[in-house]
Every structure is written in structure tokens, then in C-alpha cells.
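Here the structure comes first, spelled out in C-alpha cells, and everything after it is commentary.
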Amino acid sequence: MNIAFDEALHGMDSNHGGPFGAAIVREGKVIAAAHNEVLRTNDPTAHAEINAIRRASAILGDHDLSECVLYTTCYPCPMCMGAIFWARIPTVYYASSMKDAAEGGFDDEYFYTMIQKPENFLDLRPLDAEEGKKLFSRWNAKEDKKLY
């Protein structure tokens with residue numbers, strides 16, 4: 001967790017983004033560490049957890065991080081939680097809460113409310129559903145596909 005805290009401090013002090021840092025560990029060894037870089041990159045997905053997952057996946061040459069543990073300075077936002085699920089990381093240690101993030105001006109808790117019924121907050125419109133189904137038909141027929 002100390003590495004995640006150091007990352008958060010570095011990111012804040014460099015004006016890269018908010019007070020967020022993360023580290024991914026496998027078998028007691030740090031694989032990757034990162035901090036929030038939303039302001040530095042102008043990328044709203046450049047959260048500490050996402051950056052750490054990207055780096056760890058690149059280093060390990062695998063999208064499956066199921067043998068890893070994530071340490072993060074704050075309870076993950078919905079986007080990061082989704083990435084954690086997709087990476088199959090089974091254990092997450094976090095320091096600050098969603099309430100702490102809200103007190104710092106971050107919308108994590110509100111986004112968790114929004115994601116429960118996104119149609120209440122977004123204008124979601126289906127378009128070209130038949131073409132979309134064809135993509136999945138082709139995927140399902142693909143003999144060399146690899147599920148993830």
C-alpha cells in the first residue's frame with residue numbers, strides 16, 4: 001500500500017491528477033504501480049487502477065491478472081471496478097472510502113447510483129441491432145476465438 005500512496009503523492013505533486021495511486025502485486029512482488037493521470041493526459045480513463053492494470057498486463061503479457069492483488073488508495077470507482085472484474089483480480093485492498101472521495105470533490109458514489117439504472121441518466125438508443133447481431137453470429141462461428 002505504501003507504493004500506492006507514493007504514487008498518489010507523486011501524481012498530486014506533479015499535477016497529473018487526483019489523490020489516487022495503485023500497485024499490482026503477484027507472489028509478493030510488485031508488478032506495476034501507477035497514479036491518476038487524467039489531467040496530464042486529458043484522458044478521463046487514466047485512473048490509477050486502470051493505468052496499473054494496463055502496465056501489469058503489458059509486463060506479464062496477459063490480460064488475466066487472476067494471480068494478482070491490487071492495492072489502491074481509494075475504493076475503486078465504477079469504471080475501475082469494471083476493469084478489475086475484467087482483469088479477474090480477486091483481491092483489492094483500498095484505503096479511502098467513497099465518502100472520502102466525495103469529500104474531495106469526486107463523483108464516485110454518485111456514479112455508482114447512476115450505473116444502477118443508466119437509462120435514467122443517459123439517452124441510450126439502439127441503432128443497427130441486426131448488424132450488431134451479425135457480429136456476434138460471426139464471433140460465435142469463429143473456430144479460433146479465445147474467450148476472455
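Given the structure is predicted, the values throughout are model-derived calculations rather than measurements. We use all heavy atoms of the structure for the numbers below, so side chains are in, but hydrogens, waters and symmetry mates are not.
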Look up atom SG in Cys77 and atom OH in Tyr112, then write down how far apart they are to the nearest 0.5 Å. 6.5 Å
For Leu39, enumerate each residue passing the side-chain contact (heavy atoms from CB on, under 4.5 Å) test, keeping only those at least two apart in sequence or located in another chain. none
Interatomic distance, Thr72 atom OG1 to Phe20 atom CZ [nearest 0.5 angstrom]: 8.5 Å
side-chain hydrogen bond (donor to acceptor under 3.5 Å, both in side chains) between Asn140 and Ser137: does it pass, once the steps are laid out? CA-CA 5 Å; Asn140 288 332; Ser137 292; 5.8 Å; no
Residues forming a side-chain contact (heavy atoms from CB on, under 4.5 Å) with Asp64, sequence neighbours excluded: Asp62, Ser66, Arg88
Tell me, with the steps shown, if Tyr71 and Tyr94 meet ring pair (Phe, Tyr, Trp, His ring centres under 6.0 Å). CA-CA 6 Å; Tyr71 294 84; Tyr94 67 93; over 10 Å; no
Output for pair (Leu70 CG, Ile31 CD1), nearest 0.5 Å, gives 12.5 Å
ILVMFWY cluster, Tyr110 and Ile115 together (side-chain gap under 4.5 Å): no
Between Arg40 (side chain) and Gly17 (backbone), is there a donor-acceptor pair under 3.5 Å? no
Inter-residue atom distance Glu67.CD - Ile24.CD1, 0.5 Å rounding: 13.5 Å
Whether the side chain of Asp6 engages the backbone of Ile3 through a donor-acceptor N/O pair (distance < 3.5 Å, no angle test) should be reported. no
Residue set satisfying ring-ring contact (aromatic ring centres under 6.0 Å, His included) with His35, at least two apart, ordered chain then number -> His10, His16
With no hydrogens and no angle check, is any side-chain donor or acceptor of Asn51 less than 3.5 Å from a backbone partner on Ala46? yes
